[in-house]
Enquirer: 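Sharing a structure with you now.
Just so it is clear, the model here is predicted, and its values are computed rather than measured.
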Amino acid sequence: MIGVAIPAHDEEAALGDCLDAILAAAGHLALQGEPVRVCVVLDACRDGSASVVRRRRPAFAAAGVGLDTLEVDARQVGVARAAGARHLLEGGARWLAFTDADTRVSPQWLAEQLALGVDVVCGSVAVDDWSPHGNNAQRLREHFARNYHDRDGHRHIHGANLGVSADAYRAAGGFQSVSCHEDVLLVKALEAIGARFAWSAQPRVYTSARTDARARDGFGDTLLRMIAAA
């Protein structure tokens, strides 16, 4: 079974598109019918995120894809990712794929992670809508294109595009309970145990360029620093 974990803190606006994209990826022919289970971890949500998941359940059930929710009240993405991973491992997942609630994965996302044949896949991210940055949008788009390495062999680490085998995840100790950089810390632990890596741009995701970042010092704040440097 393939597991997909998604942390969500007040993600009502974006979560539906995220789940629709994951459902398409879960049905890719290259997966040869292997079961996929998705776990949305609702972390201190005060909006309608849970309702978004409920509305998607019939479509997931019709496609034979599991869709679970967990509730935590940590306001820490490391806690939320770890909770989702634990739930999926307990359900028998052999592979864990991680993304974010404001991210849309490609239909090939899961298939391409698995096709790389490694223990860990660190993927890149792309942005297709810079409009939240208003007058800075074009300047930021150009700066991102010049400075971000969206190609195979990159060394970016994004929780929005990360895959790891169940065995390697367990051996590395999983995600730490931190508010940011949980993905970086996990990758360092995976490197320390000698896991086999692919730093690949093949598993595609599109993420949000929103200005109200959920995780401080995460991707959203990185974009704001890019504006200052542009």
Enquirer: Which is it for Val53 and Phe60 under the side-chain contact (heavy atoms from CB on, under 4.5 Å) test, yes or no, and what are the steps along the way?
Expert: CA-CA 10 Å; Val53 179; Phe60 273 69; over 6 Å; no
Enquirer: Quick one: are Thr103 and Val125 in side-chain contact, heavy atoms under 4.5 Å?
Expert: no
Enquirer: Do any N or O atoms from the side chain of Arg81 and from the backbone of Ala5 form a donor-acceptor pair under 3.5 angstrom?
Expert: no
Enquirer: Okay, side chain of Arg141, backbone of Val127: is any donor-acceptor separation there less than 3.5 Å?
Expert: no
Enquirer: Could you check whether the rings of Trp199 and His154 sit parallel, tilted or perpendicular, using 30° and 60° as the cut-offs?
Expert: perpendicular
Enquirer: If you compare all heavy atoms of Arg204 against all heavy atoms of Ala126, which two are closest, and at what distance to 0.1 Å?
Expert: NH2-CB, 3.6 Å
Enquirer: Has His9 got a side-chain atom pairing as donor or acceptor with Ala44's backbone, closer than 3.5 angstrom?
Expert: yes
Enquirer: What distance do Ile6 atom CD1 and Leu19 atom CG have between them, rounded to the nearest 0.5 Å?
Expert: 5.0 Å
Enquirer: When rounded to the nearest 0.5 angstrom, what is the spacing between CG in Leu88 and CG in Asp68?
Expert: 7.5 Å
Enquirer: Quick check for you: to the nearest 0.5 Å, what is the distance between Asp73 atom CG and Cys45 atom SG?
Expert: 9.5 Å
Enquirer: Salt bridge check: are Asp10 and Arg46 linked by an N-O gap of less than 4.0 Å?
Expert: no
Enquirer: Applying a strict under-4.5 Å side-chain criterion to I, L, V, M, F, W and Y, I'd like to know whether Leu185 and Val79 cluster together.
Expert: no
Enquirer: With sequence neighbours excluded, what pairs up with Phe175 under the ring pair (Phe, Tyr, Trp, His ring centres under 6.0 Å) test?
Expert: Phe98, Tyr169
Enquirer: Do side-chain atoms of Asp119 reach the backbone of Ala195 as a donor and acceptor pair under 3.5 angstrom?
Expert: no
Enquirer: Keeping Asp129 on the side-chain end and Ser131 on the backbone end, is there a donor-acceptor pair under 3.5 Å?
Expert: yes
Enquirer: Does the side-chain contact (heavy atoms from CB on, under 4.5 Å) test come out yes or no for Val120 and Leu162, once each step is laid out?
Expert: CA-CA 8 Å; Val120 187; Leu162 181 65; 4.3 Å; yes
Enquirer: Please determine whether residues Leu89 and Leu186 belong to a single hydrophobic cluster, defined as Ile, Leu, Val, Met, Phe, Trp and Tyr linked transitively by side-chain heavy-atom distances below 4.5 Å.
Expert: yes
Enquirer: How far apart are the C-alpha atoms of Glu191 and Arg155, what are their side-chain angles, what is the distance that settles it, and do they pass the salt bridge (charged side-chain N to carboxylate O under 4.0 Å, His left out) test?
Expert: CA-CA 13 Å; Glu191 288 176 327; Arg155 300 295 290 187; 3.5 Å; yes
Enquirer: Can you name the closest pair of heavy atoms from Thr99 and Ala160 and give their distance?
Expert: OG1-O, 2.8 Å
Enquirer: Within a radius of less than 6.0 Å around CD of Glu71, do more than 12 heavy atoms belonging to other residues, nucleotides or ligands occur?
Expert: no
Enquirer: Looking at Thr69, Leu42, Asp43, which one forms a side-chain contact (heavy atoms from CB on, under 4.5 Å) with Ser49?
Expert: Leu42
Enquirer: Would a hydrophobic clustering, with Ile, Leu, Val, Met, Phe, Trp and Tyr connected at side-chain separations under 4.5 Å, put Val205 with Val4?
Expert: yes
Enquirer: Would you call Phe144 and Asp150 a side-chain contact if the rule is heavy atoms closer than 4.5 Å?
Expert: no
Enquirer: Do side-chain atoms of Tyr148 reach the backbone of His156 as a donor and acceptor pair under 3.5 angstrom?
Expert: no
Enquirer: Any link between Phe197 and Leu116 through a network of hydrophobic side chains (Ile, Leu, Val, Met, Phe, Trp, Tyr) touching at under 4.5 Å?
Expert: no
Enquirer: Atom CG in Leu70, atom CZ in Arg86: separation rounded to 0.5 Å?
Expert: 8.5 Å
Enquirer: Any idea which heavy atoms bring Ala168 and Ile193 closest together, and the distance?
Expert: O-CD1, 3.7 Å
Enquirer: For Ser165 and Asp167, does a side-chain donor sit closer than 3.5 Å to a side-chain acceptor?
Expert: no
Enquirer: With a 4.5 Å limit on heavy-atom distance, are the side chains of Pro7 and Asp100 in contact?
Expert: yes
Enquirer: So, taking the atom named OG in Ser124 and the one named NE2 in His149, what distance separates them when rounded to the nearest 0.5 Å?
Expert: 11.5 Å
Enquirer: Taking all non-hydrogen atoms of both residues, which atom of Ala63 and which atom of Leu23 are closest, and how far apart?
Expert: CB-CD1, 3.8 Å
Enquirer: For Tyr206, look at atom OH and say whether over 12 heavy atoms of other residues, nucleotides or ligands are found less than 6.0 Å away.
Expert: no
Enquirer: Applying a strict under-4.5 Å side-chain criterion to I, L, V, M, F, W and Y, I'd like to know whether Ile22 and Leu114 cluster together.
Expert: yes
Enquirer: Considering non-hydrogen atoms only, spot the tightest contact between Ala25 and Leu31 and give its length.
Expert: O-CD1, 3.5 Å
Enquirer: Roughly how far, to the nearest 0.5 Å, is CZ of Arg94 from CD1 of Ile2?
Expert: 5.5 Å
Enquirer: Do you know which two heavy atoms are closest between Val52 and Glu12, and how far apart they sit?
Expert: CG2-O, 3.8 Å
Enquirer: Any luck finding a side-chain donor-acceptor pair between Trp109 and Asn161 under 3.5 Å?
Expert: yes
